[in-house]
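Worksheet: one structure, shown below.
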Amino acid sequence: MKLLALEASQNAYYYLSRYQQIVDFGADLFVLNGIGTDDLWRADRYRRAGGKHVDDLIRHAKAWHAEENFDGVFTFSESAVVALPVVATALGLPNIGVEAARTSRNKLIMRQAHERGGAAHPRFRFVTDLDAALRAAEDFGYPVIVKPTLGCSSNFVFRVDDADQLRERYRQAYEGIDRMSWYNMAAGGLALGPHGLLVESFLDGHEHLIEALVWDDEVYLGSIVDRVTVEGDTFDDDVHHAPTALTAEQVADVHAVVTAGVRAQGLNRSVLHAEVRFHGDKPYLLEIAVRPGGGGLDFMARLSADYDPIKAMMDVACGVKPQVHHYRPTDVHTAAMCLLCEGGTIESIGVPPEVADAEELFYLKFLARPGDVIRRPPHGNNILGGIGAVGTSFDDAMRVATDLAGKIEVQLAHQQLDR
């Protein structure tokens, strides 16, 4: 299997460990970045287009494909999901199509598709100024959610409890969305849909993250992870547990709403990362992305449900049906959490051997390096990294993960100012 990985703008070294997984699974991996560092991947299997316009990506991809005859092309990056089918089509390789990709990237277009397709979703409104946001909140009732249409990783996503808070959060989000890395890393020359803010009604129940697959209109829930964070007015997405505590009836309801959303988004063969949240006793869609989920969700899927979203993505990229089954949890309990620190410039990160060598540890990844700037809400939503551990129960796994995280030492050279 010969695969081409694609990013318009390199997201630091975030996907390096996942690229290595693909090699470990036996694939011959080549990486094409529009803009990137010179040391990301093996020199004989790494190229840069010298620009992030989609025409540059197509030109370089076609030339390389003529030399190597790739079996498939894929991306891990939310910023590249619309560019991917454009490039794949130019190479004559399997892909989901540009319209389905755009629907799965832009939250407004996604919500409109869910509305047309009858997939349960929060009430929503695209707002172009503060007055429109205030009217939407008044109509929906507080609390409400403010979020970007082209965001990712909860950047500039706020829960708002009253009109005064909305005035503050709307200003922060409006001023921040143009500098979001996930927006700026997208390829040029593509129509991504409206770039702005949504106001949505608040869903007051529990939240779940799902690694899934659709193949010829059948949706498989590979793994279900419970989000167990106590929330404030920002969303750090920082504590997860698997296997899920949902009942069999609730899992069936989740399967039904994800299936409705997948069909509404025009997806037929794709890996999926779905997020649902209950309101009362009913699950509603937050989003369905067309890539594997980030962080340690792939590890949690393997351990807690015997499903591998990375292997599934490799097969889908080549037009081959993955080995997959409907949700079937194991007896392994996993707990994972984001590693957070204060905002500022990283000076050093220290990981003692008792953390690095812990037998319960299944995941430890740092997204920041010394010299990187961490921006915390309301200025951004950067995280230090993530950590995950196994245990005999959720409480046991969570205790281990928390204990290991507490032993990691982070020094800041400069702290973020909140003004």
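As the structure is a computational prediction, the values presented were derived from the model and not from experiment.
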(request) Test Val127 against Leu198 for side chain to side chain contact (heavy atoms under 4.5 Å, CB included), laying out the working first. (result) CA-CA 6 Å; Val127 294; Leu198 294 176; over 6 Å; no
Report, as yes or no, whether the 6.0 Å neighbourhood of atom [atom1] on [X] holds more than 12 heavy atoms from other residues, nucleotides or ligands.
{"X": "Asp44", "atom1": "CG", "value": "yes"}
{"X": "Glu138", "atom1": "CD", "value": "no"}
{"X": "Tyr363", "atom1": "OH", "value": "yes"}

(request) Apply the test side chain to side chain contact (heavy atoms under 4.5 Å, CB included) to residues Leu16 and Gln20: give CA-CA distance (whole Å), side-chain angles for both, the deciding distance (0.1 Å), then the verdict. (result) CA-CA 6 Å; Leu16 186 59; Gln20 188 58 53; over 6 Å; no
Of all heavy-atom pairs between [X] and [Y], which one has the smallest distance, and what is that distance?
{"X": "Ala242", "Y": "Ser304", "value": "CB-OG, 3.4 Å"}
{"X": "Arg48", "Y": "Gly36", "value": "NH1-O, 3.0 Å"}
{"X": "Asp178", "Y": "Asn184", "value": "O-ND2, 3.0 Å"}
{"X": "Ser17", "Y": "Lys365", "value": "OG-NZ, 3.3 Å"}
{"X": "Ala119", "Y": "Gly261", "value": "CB-N, 3.7 Å"}
{"X": "Val262", "Y": "Ile288", "value": "N-CD1, 3.7 Å"}

With heavy-atom distances below 4.5 Å as the criterion, would you say the side chains of [X] and [Y] are in contact?
{"X": "Leu4", "Y": "His65", "result": "no"}
{"X": "Val219", "Y": "His255", "result": "yes"}
{"X": "Arg328", "Y": "Asp306", "result": "yes"}
{"X": "Leu40", "Y": "Gln10", "result": "yes"}
{"X": "Val254", "Y": "Ile210", "result": "yes"}
{"X": "Lys52", "Y": "Asp56", "result": "no"}
{"X": "Phe156", "Y": "Val146", "result": "no"}
{"X": "Ile224", "Y": "Pro243", "result": "no"}

Report yes or no: is the cationic atom of [X] (NZ for Lys, CZ for Arg) under 6.0 Å from the centre of the six-membered ring of [Y], at an angle within 45° of the ring normal?
{"X": "Arg18", "Y": "Phe76", "value": "yes"}
{"X": "Lys147", "Y": "Phe124", "value": "no"}
{"X": "Arg369", "Y": "Tyr13", "value": "yes"}

Do side-chain atoms of [X] reach the backbone of [Y] as a donor and acceptor pair under 3.5 angstrom?
{"X": "Asp396", "Y": "Thr392", "value": "yes"}
{"X": "Gln165", "Y": "Arg169", "value": "no"}
{"X": "Asp71", "Y": "Lys2", "value": "yes"}
{"X": "Asn106", "Y": "Arg102", "value": "no"}
{"X": "Glu7", "Y": "Ser77", "value": "no"}
{"X": "Arg277", "Y": "Asp204", "value": "no"}
{"X": "His273", "Y": "Ala212", "value": "no"}
{"X": "Thr75", "Y": "Ala80", "value": "no"}
{"X": "Asp308", "Y": "Lys311", "value": "yes"}
{"X": "Ser153", "Y": "Asn155", "value": "no"}

(message) Before you tell me yes or no, could you show the steps for Val144 and Phe158 under side chain to side chain contact (heavy atoms under 4.5 Å, CB included), namely the whole-Å CA-CA distance, both residues' side-chain angles and the distance that decides it to 0.1 Å?
(response) CA-CA 8 Å; Val144 295; Phe158 300 118; over 6 Å; no
Check: residues 84-95 side-chain donor-acceptor pairs under 3.5 Å, at least two apart:
unit_1: Thr89; atom_1: OG1; unit_2: Pro85; atom_2: O; d: 2.7
unit_1: Thr89; atom_1: OG1; unit_2: Asn95; atom_2: ND2; d: 3.2
unit_1: Asn95; atom_1: OD1; unit_2: Gly97; atom_2: N; d: 2.9
unit_1: Asn95; atom_1: ND2; unit_2: Leu93; atom_2: O; d: 3.0

Are [X] and [Y] linked by a side-chain donor-acceptor pair shorter than 3.5 Å?
{"X": "Glu275", "Y": "His208", "answer": "no"}
{"X": "Thr244", "Y": "Asp226", "answer": "yes"}
{"X": "Glu207", "Y": "His240", "answer": "no"}
{"X": "Asp298", "Y": "Gln21", "answer": "yes"}

(request) For a side-chain contact (heavy atoms from CB on, under 4.5 Å) with Tyr170, tell me which candidate from Val160, Leu134, Val199, Leu197 qualifies. (result) Leu197
For the aromatic rings, using the six-membered ring if either is Trp, is the centroid distance between [X] and [Y] under 6.0 Å?
{"X": "Phe278", "Y": "Tyr284", "answer": "no"}
{"X": "Tyr220", "Y": "Trp215", "answer": "no"}
{"X": "His279", "Y": "Phe202", "answer": "no"}

(request) Begin from the C-alpha positions of Thr37 and Asp39 and carry the test side chain to side chain donor-acceptor pair (under 3.5 Å) through to its verdict. (result) CA-CA 6 Å; Thr37 62; Asp39 61 347; 2.9 Å; yes
Check this for me: does any side-chain nitrogen of one of [X] and [Y] sit under 4.0 Å from a carboxylate oxygen of the other?
{"X": "Lys321", "Y": "Asp315", "value": "no"}
{"X": "Asp139", "Y": "Arg123", "value": "no"}
{"X": "Asp217", "Y": "Arg263", "value": "yes"}

(request) Let me see the working for Asp216 and Arg269 under salt bridge (Lys or Arg N to Asp or Glu O under 4.0 Å), right down to the final yes or no. (result) CA-CA 6 Å; Asp216 291 347; Arg269 291 184 174 184; 2.7 Å; yes
(request) Could you go through the side chain to side chain contact (heavy atoms under 4.5 Å, CB included) check for Leu6 and Leu57 one step at a time? (result) CA-CA 9 Å; Leu6 180 73; Leu57 297 173; 4.1 Å; yes
(message) Does Gln265 form a side chain to side chain donor-acceptor pair (under 3.5 Å) with Ser104? I'd like the steps, not just the answer.
(response) CA-CA 6 Å; Gln265 290 174 220; Ser104 302; 2.9 Å; yes
(message) Once you measure the plane-to-plane angle for Tyr183 and His195, does it fall in the parallel (<30°), tilted (30-60°) or perpendicular (>60°) bin?
(response) parallel
(message) Please verify the inter-ring angle class for Tyr19 with Trp41; under 30° counts as parallel, over 60° as perpendicular, anything in between as tilted.
(response) perpendicular
(message) Just to verify, which of Glu287, Glu200, His121 counts as forming a side-chain hydrogen bond (donor to acceptor under 3.5 Å, both in side chains) with Arg111?
(response) Glu200
Hey, can you pull the donor-acceptor pairs under 3.5 Å for the side chains in residues 352-359, sequence neighbours left out?
unit_1: Glu354; atom_1: OE1; unit_2: Lys407; atom_2: NZ; d: 2.9

(request) Measure the CG-CG distance between Leu404 and Leu361 for me, rounded to the nearest 0.5 Å. (result) 6.0 Å
